[in-house]
Amino acid sequence: MFCSGRRAPHGTSAGAVALALALAVAPGATQAHSPISGADGFLTGLLHPLSTPDQVLALLALGVLLGLRFSARAVLPWLGFVAGVPVGMGMGQVGPLPPGIDTALLLMAAGTASLAALWPTGTTALALAMAGAIGLAIGLASTPGPGPLQATLVMLAGSMLGANLCLLYATGGIGWLRETITHPALAIGLRVLAAWIAAISVLMAALTMTGR
Amino acid sequence: MTRFRCTCVRIALVGLAAAALVLPGSATAHTDGGLAGGFVSGFTHPILGWDHVVAMLAVGLWGAFLGAPALWLLPIVFPLVMAFGAALGILGVAIPAIETGIAGSAVVLGLLILLAARLPLWVAAMIVGAFAIFHGHAHGTELPEAAAPLAYGVGFVVATGLLHLVGIGFGLLTRWPAGVYTVRAGGAVISLVGCAFLFDVL
């Protein structure tokens with residue numbers, strides 16, 4: 001009576017949809033906490049780049065810069081970032097965390113976003129230096145408190161992956177937009193966005209320096 | 001006919017946006033509670049002072065008058081340098097004659113629009129950047145203590161950008177001969193408002 005025998009669009013039958021819905025809402029299949037040891041620390045590290053505005057602004061600024069250079073001229077700076085993060089993490093483990101790392105990150109974000117706004121096609125060496133410095137600072141800022149070596153390594157691995165994923169999404173998203181929408185207004189809009197990121201970063205750096 | 005109607009609708013929308021942005025009566029100033037309060041505080045800061053509003057409209061207007069690339073380069077330069085000025089204000093670095101500089105920006109930019117001055121791009125950027133320091137410093141000095149920094153910064157920068165956009169929208173009237181006169185008259189009004197602030201009439 002209710003089943004007409006006709007298939008839904010794209011070959012999806014009503015039965016398959018019902019099954020998927022049943023599986024989705026079945027509470028017995030879900031487990032709130034992963035039984036894998038150390039997964040909590042990994043997740044904490046994974047989300048760490050999104051935990052402070054200075055890291056978010058720095059990653060956004062770098063994402064816009066690399067997105068505007070997408071794709072061939074973004075690879076080398078990206079590698080600089082990938083190399084900088086573990087170096088910073090290592091420095092954070094062997095020595096004390098330098099004071100004012102948050103202000104330094106905000107100033108780097110301002111510099112990188114200014115470069116993206118005013119000279120997005122600038123030299124690869126400059127973009128590489130910016131990416132490496134931001135990676136280093138994010139690595140330093142990701143240093144966890146004292147604890148067992150294994151837990152520290154797991155958390156740092158999460159932070160490393162999280163920072164790279166954030167940059168990947170920002171760069172890839174902007175690159176995809178530029179390849180999809182070829183209207184020149186998009187590139188202008190992205191440069192305006194970069195100018196806004198730079199302005200916000202400068203404001204936040206000044207506020208951080210005054211302790212507000 | 002349809003094209004003309006579309007243009008009229010666009011102009012009406014830009015005018016409506018301008019009116020909505022610059023009407024201070026509906027804005028709540030300095031509500032400092034949390035992220036939303038910080039955003040509202042930052043957003044309303046540039047649009048509550050007429051001296052700031054006319055100067056930022058003038059930047060967009062002059063950019064539209066000069067055409068690309070000034071059309072988008074001036075609204076990029078202004079927030080960048082303004083943030084630097086705001087940082088100086090927050091850090092307590094004194095700059096003399098701030099109010100004179102703010103009023104002067106409206107006078108000069110208004111005159112440049114009135115005279116249809118087509119200066120080289122770098123000169124235009126230098127002029128706009130120099131005035132942005134004064135505006136930024138004033139905003140930085142008046143920054144409310146309790147505002148959430150990130151939300152305040154986002155609101156502050158977005159409001160500035162929208163004011164430029166309103167100016168650019170008005171400036172697009174220069175595509176029509178009658179529009180050129182309208183825009184130049186707008187420049188005269190901006191300059192007069194600047195003079196009124198300069199001589200403490202307003």
Side-chain angles (χ1 to χ4, degrees), chain A residues 49-61 64-65 68 100 102-122 141 178 183-212, chain B residues 32 35 38-39 42 45-46 60 63 68-93 121-122 125 129 132-133 135-137 139-141 143-162 164-165 168:
Chain A
L50 297 173
S51 63
T52 55
D54 47 316
Q55 293 192 54
V56 172
L57 285 168
L59 286 167
L60 257 180
V64 174
L65 178 67
L68 283 167
D102 46 353
T103 310
L105 254 173
L106 287 167
L107 292 176
M108 286 177 203
T112 307
S114 299
L115 185 67
L118 298 172
W119 195 29
T121 55
R178 292 194 65 218
H183 197 281
L186 178 69
I188 293 170
L190 288 169
R191 290 176 71 171
V192 171
L193 174 71
W196 288 10
I197 293 171
I200 293 165
S201 302
V202 170
L203 273 176
M204 282 207 64
L207 289 167
T208 310
M209 285 162 81
T210 52
R212 287 160 76 177
Chain B
D32 299 334
L35 277 178
F39 180 81
H45 219 261
L71 172 69
W72 51 267
L73 194 64
L74 296 187
I76 282 178
V77 168
F78 194 92
L80 276 177
V81 185
M82 188 183 68
F84 178 68
L88 293 178
I90 291 167
L91 296 171
V93 178
L121 183 60
W122 68 272
I133 292 272
H135 288 270
H137 193 278
H139 292 314
T141 310
L143 175 75
E145 280 288 335
L150 180 63
Y152 181 88
V154 171
F156 177 80
V157 171
V158 168
T160 303
L162 288 178
H164 291 157
L165 197 62
I168 290 170

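Letters A, B, ... are given to chains in the order of the sequence lines, protein chains preceding strands, and every chain is numbered from 1. For clarity, every value in this text was computed on a predicted model and none was experimentally measured.
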| field | Results of side-chain hydrogen bond (donor to acceptor under 3.5 Å, both in side chains) for B:His164 - residues two or more places apart only | value | none
| Contact origin within A:Leu118 toward chain B - heavy atom pairs under 4.5 Å | side chain
| said: Counting only non-hydrogen atoms closer than 4.5 Å, does B:Val158 touch chain A with its backbone (N, CA, C, O), its side chain (CB onward), both, or neither? | reply: both
| message | Ignoring hydrogens, what is the shortest heavy-atom contact between A:Ala199 and B:Pro79? Give both atom names and the distance. | response | CB-O, 3.5 Å
| query | For the residue pair B:His45 and B:Tyr152, does the interplanar ring angle fall in the parallel (under 30°), tilted (30 to 60°) or perpendicular (over 60°) class? | reply | perpendicular
| field | Selection from A:Ile188, A:Thr208, A:Thr210 maximising heavy-atom pairs under 4.5 Å formed with chain B | value | A:Ile188
| note | chain B shares the most heavy-atom pairs under 4.5 Å, among A:Ser201, A:Ala194, A:Ala206, with A:Ala206
| query | Any sub-3.5 Å donor-acceptor pair from A:Arg178's side-chain atoms to A:Leu68's backbone N or O? | reply | yes
| So do A:Asp102 and A:Thr52 actually touch side chain to side chain, heavy atoms under 4.5 Å? | no
| field | chain A contact via B:Phe78 - which portion, at a heavy-atom distance below 4.5 Å | value | neither
